Amino acid sequence: MDATVSFGYALLTMLRDVLPIAAILFGFQLLVLRRPIKNPVRVAMGMVFVLLGLTLFLEGLELALFPLGRLMAEQLTAPEFIYDSPAGATAAVHWLDYLWVYAFAAAIGFATTVAEPALLAVAIKANQVSGGTITVKGLRYAVAIGVAVGVALGVFRIVTGTPLHWYIIAGYIVVIIQTAFAPKLIIPLAYDSGGVTTSTVTVPLVAALGLGLAETIPGRSPILDGFGLIAFASLFPIIAVMAYVQLGEWRARRLKRRIEE
């Protein structure tokens, strides 16, 4: 009964959020463009599916992904796991004690990004526009590696308690330097690749992981240290994609020199 009430409330909340979007779309179509809506029955069914899908997705986040992310963070930082016994825990936090946490963060960042539908859509379009020069698998893996490195580094920041802006400033300095040397055609795609990672699959698990770590690691504040992983997940794919293309160009030049010799 509680689950039904919760779903009904979530459905009404989502209906309230979706109605303005529908009003704008239909309003411009009918009042500004003055064109009839093609296949209105199918469009209406699609809107219902969107409403139900978003509601089920949000309920799934609350029931599964958020609790699972926090549970993994709690278990990986538990003294019983790190020190083999509760008595081994110390007040001081040493970053080397959390190597499994970094490994888990990198693995979950990579896996969720590869499964990200928004990234797949961008990769397919990039492959079509580039005439196959940019492969779907290559772009997806490059972005996924960037997210993996970024999330692992973000977890390291939470463990050590160092300021977030140090990492972000340093990362964007690297981006600026890469932008100066990267092919102009890849720069917009690289910048967009950072945005598509902050989507439906990656954000819930990464956010839950950060909050769970900040709540369980001694001396860390959820509000100060728990947030910021999404910034890492957005920044490092830009670096990774430009590095991927730059590495490809370097290999192509090297192969060309070998052929000429």
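Computed from a prediction, not measured in an experiment: that's the story for all the values here.
No continuous path of hydrophobic side-chain contacts links L120 to F110 [ILVMFWY only; heavy atoms under 4.5 Å]. In the hydrophobic clustering of this structure, I187 groups with V245; members are Ile, Leu, Val, Met, Phe, Trp, Tyr whose side-chain heavy atoms approach within less than 4.5 Å, directly or through other members. Hydrophobic clustering of Ile, Leu, Val, Met, Phe, Trp and Tyr side chains at less than 4.5 Å, counting indirect connections, unites V203 with L213. Residues Y9 and L63 are members of separate hydrophobic clusters, defined by side-chain heavy-atom contacts under 4.5 angstrom among Ile, Leu, Val, Met, Phe, Trp and Tyr. Residues V129 and Y191 fall into different hydrophobic clusters, defined by Ile, Leu, Val, Met, Phe, Trp and Tyr side chains chained together at heavy-atom separations under 4.5 Å.
Note: L235 CG to I230 CD1 = 13.0 Å, rounded to the nearest 0.5 Å. Remark: I259 CD1 to R254 CZ distance equals 13.0 Å, nearest 0.5 Å. Between the CG atom in L119 and the CG atom in D192 there is a gap of 11.5 Å [rounded to 0.5 Å]. Annotation: the span from Y172 atom OH to T179 atom OG1 amounts to 10.5 Å, rounded to 0.5 Å. Atom CD1 of I186 and atom CD of E249 lie 9.5 Å apart (nearest 0.5 Å). Remark: L99 CG to F104 CZ distance equals 15.5 Å, nearest 0.5 Å.
Not one N or O on the side chain of E74 forms a donor-acceptor pair closer than 3.5 Å with the backbone of G212. At distances below 3.5 Å, at least one donor-acceptor pair connects side-chain atoms of Y102 with backbone N or O atoms of W95. R220 places no side-chain N or O within donor-acceptor distance of the main-chain N or O of D225, the cut-off being under 3.5 Å.
Exactly one of I239, L139, I238 qualifies for a side chain to side chain contact (heavy atoms under 4.5 Å, CB included) with S193. That residue is L139.
Closest heavy-atom contact between V151 and A233: CG2-CB, 4.3 Å. Contact record, A240 with A142: CB-O, 3.2 Å, taken as the closest heavy-atom pair. Closest non-hydrogen pair, A152 versus A105, comes out as CA-CB, 4.1 Å. Closest approach of S6 to E59, counting heavy atoms only: OG-OE1, 3.3 Å. When all heavy atoms are compared, the tightest approach of P237 to G194 is CB-CA, 4.2 Å. Taking both residues in full, the closest heavy atoms of Q246 and P183 are given as CG-CD, 4.4 Å, listed atom of the first, atom of the second, then distance.
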- Task: Tell me, with the steps shown, if V196 and E116 meet side-chain contact (heavy atoms from CB on, under 4.5 Å).
- Result: CA-CA 8 Å; V196 297; E116 191 66 66; 5.8 Å; no

| request: Go through the steps for I108 and T202 under the test side-chain contact (heavy atoms from CB on, under 4.5 Å), then give the verdict. | output: CA-CA 8 Å; I108 203 67; T202 307; over 6 Å; no

Q. Stepwise, does the side-chain contact (heavy atoms from CB on, under 4.5 Å) test hold for Y98 with L76?
A. CA-CA 8 Å; Y98 295 88; L76 287 170; over 6 Å; no

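Residue pairs that meet the ring-ring contact (aromatic ring centres under 6.0 Å, His included) test with at least one member in residues 220-261, sequence neighbours left out, are Y167-F232.
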Show me the side-chain donor-acceptor pairs of residues 31-57 shorter than 3.5 Å, one per line, residues at least two apart or across chains.
{"from": "R35", "atom 1": "NH1", "to": "L33", "atom 2": "O", "distance (Å)": "3.2"}
{"from": "T55", "atom 1": "OG1", "to": "L51", "atom 2": "O", "distance (Å)": "2.7"}

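For the pair I134 and N127, the minimum side-chain heavy-atom distance is 4.5 Å or more.
Summarising the local packing, CZ of F26 is surrounded by more than 12 heavy atoms from other residues, nucleotides or ligands at distances under 6.0 Å.
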